[in-house]
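Read through the structure below, which is laid out as structure tokens, and then see the notes.
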2 protein chains.
Amino acid sequence: MFNKETEYALRGLVYIKLQNLKNRRPGTTEIAKEIEAPQFYTAKILQRLVRAGFLRSLKGKGGGFFFDPDKPDLQLIKLISATEGDKSYSSCGFGLKHCDNDKPCPLHEKYAVIRDSINKLISDETVQSLAEKVYKKELNLR
Amino acid sequence: MFNKETEYALRGLVYIKLQNLKNRRPGTTEIAKEIEAPQFYTAKILQRLVRAGFLRSLKGKGGGFFFDPDKPDLQLIKLISATEGDKSYSSCGFGLKHCDNDKPCPLHEKYAVIRDSINKLISDETVQSLAEKVYKKELNLR
DNA sequence: TTATTAAAGGACAATATGGTCTTTTTGTAT
DNA sequence: ATACAAAAAGACCATATTGTCCTTTAATAA
Ligand code: FES
Ligand code: FES
């Protein structure tokens with residue numbers, strides 16, 4: 001489904017939000033361990049997300065990552081656009097340069113429906129909504 | 001959706017089948033041009049598909065690629081398994097090592113449905129069924 | 001103020017994917 | 001038999017992705 005960078009970003013952010021709910025600000029070592037991802041690579045990815053404005057961080061003792069409570073929830077589609085580019089789920093499944101209803105490829109009829117449902121999923125769900133599910137239903141992050 | 005190799009393989013095979021329907025056996029130069037793919041890379045991919053037994057080829061004058069009429073239609077899922085590995089559409093959308101109904105990730109509930117519909121699509125459709133659609137409805141390969 | 005902690009930054013390496021080109025082999029037509 | 005055409009084979013290169021590690025910066029606590 002997603003590439004590694006997106007996976008680590010997604011799992012990492014959900015873990016951070018989950019800890020924020022418990023009034024904690026986890027650091028890279030803890031995060032990487034909990035989501036079973038390479039520590040330094042995860043750190044680099046989180047850095048980028050901070051620079052992109054999705055997330056905040058604090059250096060030094062007691063530091064770590066956290067979400068700005070004043071910001072709106074982060075839709076997965078925003079995250080994916082940042083990590084994989086914004087045409088991930090708009091392009092043709094057959095590999096044509098553009099998906100065009102009027103000049104469809106032989107996959108279009110069935111694929112377009114699926115693509116729409118993926119877009120709905122990643123627009124409806126947010127890092128926060130996933131963290132809530134994990135919290136309430138005691139789901140897994142690894 | 002798919003990686004480049006799978007895309008070129010898919011478009012190439014559909015083009016070959018389409019030409020076979022017209023009693024022609026296209027070669028690598030023609031195929032690559034018609035599907036707008038890199039010529040030598042396409043040639044290499046087709047070689048692999050021949051070795052994998054999906055396709056046949058003839059060298060020399062009048063040679064080219066063609067499907068064995070006695071073989072059953074080639075499901076897209078078989079092709080994708082060969083090019084991308086067989087766990088492409090069975091793994092967890094959140095990146096967990098295994099997708100498990102009993103220990104679901106927070107994406108599972110909605111993602112599993114979509115994944116099922118992808119699996120249905122690539123099981124139902126075959127290279128031949130796509131070629132038929134292109135033939136009957138005069139659809140696009142590029 | 002100083003020691004400590006943790007993120008930021010950046011160099012570097014490994015691997016996978018995507019792509020090009022040349023030579024060899026094999027089949028066909030003449 | 002010979003020339004030619006086209007796939008097969010394989011060396012090689014480019015780029016993107018994934019991953020590691022070391023140094024610097026900034027924040028906190030003592
Ligand atoms: S044209 Fe291929 S998916 Fe729309
Ligand atoms: S557990 Fe993640 S998709 Fe099933």
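Letters go in sequence order (proteins before strands), and every chain restarts at 1. These numbers come from a predicted model, not from an experiment.
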Quiz item: Between E84(A) and T6(A), is any side-chain donor less than 3.5 angstrom from a side-chain acceptor?
Solution: yes
Self-check item: Rounded interatomic separation in angstrom, taking CZ from R48(B) and P from dG10(D)
Solution: 13 Å
Quiz item: Which part of the nucleic acid, if any, lies within contact of E5(A), taking any heavy atom under 4.0 Å across all strands shown: a base, the sugar-phosphate backbone alone, or nothing?
Solution: sugar-phosphate
Exercise. Provide, to the nearest angstrom, the distance between the CD1 atom belonging to I45(A) and the P atom belonging to dA7(C).
Key: 15 Å
Exercise. Using heavy atoms and a sub-4.0 Å distance, could you list which residues of residues 15-24 of chain A are near DNA chain C? By number, please.
Key: none
Exercise. Decide yes or no, distance alone: a donor-acceptor N/O pair under 3.5 angstrom between the base of dT20(D) and the side-chain of K44(A).
Key: yes
Self-check item: d(CZ, R56(B); P, dG27(C)) in whole Å
Solution: 12 Å
Quiz item: Rounded to the nearest Å, what distance is computed from the NZ atom of residue K61(A) to the C1' atom of nucleotide dA26(D)?
Solution: 14 Å
Self-check item: Nucleotide dA7(C), atom P - distance to CG of L49(A) in whole Å
Solution: 14 Å
Exercise. Round to a whole Å and report the spacing from CD of Q39(B) to P of dT20(C).
Key: 9 Å
Quiz prompt | Atom pair CD1 (I31(A)) and CD1 (I16(A)), whose distance is rounded to the nearest 0.5 Å | solution = 4.0 Å
Practice problem: Give every residue pair that meets the ring-ring contact (aromatic ring centres under 6.0 Å, His included) criterion with at least one member in residues 58-100 of chain A, sequence neighbours excluded. | Solution: none
Exercise. Please answer whether the main-chain N or O of Y15(A) pairs with a side-chain N or O of E34(A) as donor and acceptor at a distance below 3.5 Å.
Key: no
Exercise. Establish, with yes or no, whether the OP1 or OP2 oxygen of dG19(C) is under 4.0 angstrom from a side-chain nitrogen or oxygen of Y8(B).
Key: yes
Quick test: give all pairs of protein nitrogen or oxygen and nucleotides 7-9 of chain D nitrogen or oxygen below 3.5 Å, distance rounded to 0.1 Å.
from: dA7(D); atom 1: OP1; to: T28(B); atom 2: N; distance (Å): 3.3
from: dA7(D); atom 1: OP2; to: T28(B); atom 2: OG1; distance (Å): 3.3
from: dA7(D); atom 1: O3'; to: S57(B); atom 2: OG; distance (Å): 3.1
from: dA8(D); atom 1: OP1; to: S57(B); atom 2: OG; distance (Å): 2.7
from: dA9(D); atom 1: N7; to: Q47(B); atom 2: NE2; distance (Å): 3.3

Self-check item: Over 12 non-hydrogen atoms of neighbours within 6.0 angstrom of CD in Q39(B)
Solution: yes
Practice problem: For the residue pair H108(A) and D100(A), confirm or rule out a side-chain donor-acceptor distance under 3.5 Å. | Solution: no
Quiz prompt | Check against salt bridge (Lys or Arg N to Asp or Glu O under 4.0 Å), R25(A) and E30(A) | solution = CA-CA 10 Å; R25(A) 282 194 303 237; E30(A) 175 184 341; over 6 Å; no
Quiz item: Are any of Y41(A)'s side-chain N or O atoms less than 4.0 Å away from OP1 or OP2 of dC21(D)?
Solution: no
Practice problem: Look at the side chain of P38(B) and decide which nucleotide, out of dG19(D), dT20(C), dA29(D), has an atom nearest to it. | Solution: dT20(C)
Exercise. Please state how far atom NZ in K4(B) lies from atom C1' in dA16(D), giving the value in whole angstrom units.
Key: 13 Å
Quiz item: Does any residue of residues 76-98 of chain B have a heavy atom under 4.0 Å from DNA chain D, and if so, which ones, in number order?
Solution: none
Practice problem: Check for a donor-acceptor pair, side chain of E125(A) on one end and backbone N or O of Q75(A) on the other, with a separation under 3.5 Å. | Solution: no
Quiz prompt | Which residues share a side-chain hydrogen bond (donor to acceptor under 3.5 Å, both in side chains) with D86(A), sequence neighbours left out | solution = none
Self-check item: Enclosure of K78(A) NZ (heavy-atom neighbours >12, cutoff 6.0 Å)
Solution: no
Self-check item: Main-chain N/O of E7(A) paired to N3(A) side chain as donor or acceptor, under 3.5 Å
Solution: no
Quiz item: Which pairs, with at least one residue in residues 17-60 of chain A and sequence neighbours excluded, count as a ring-ring contact (aromatic ring centres under 6.0 Å, His included)?
Solution: Y8(A)-Y41(A)
Practice problem: Give the rounded distance in Å between these two atoms: CZ of F2(A) and C1' of dT18(D). | Solution: 18 Å
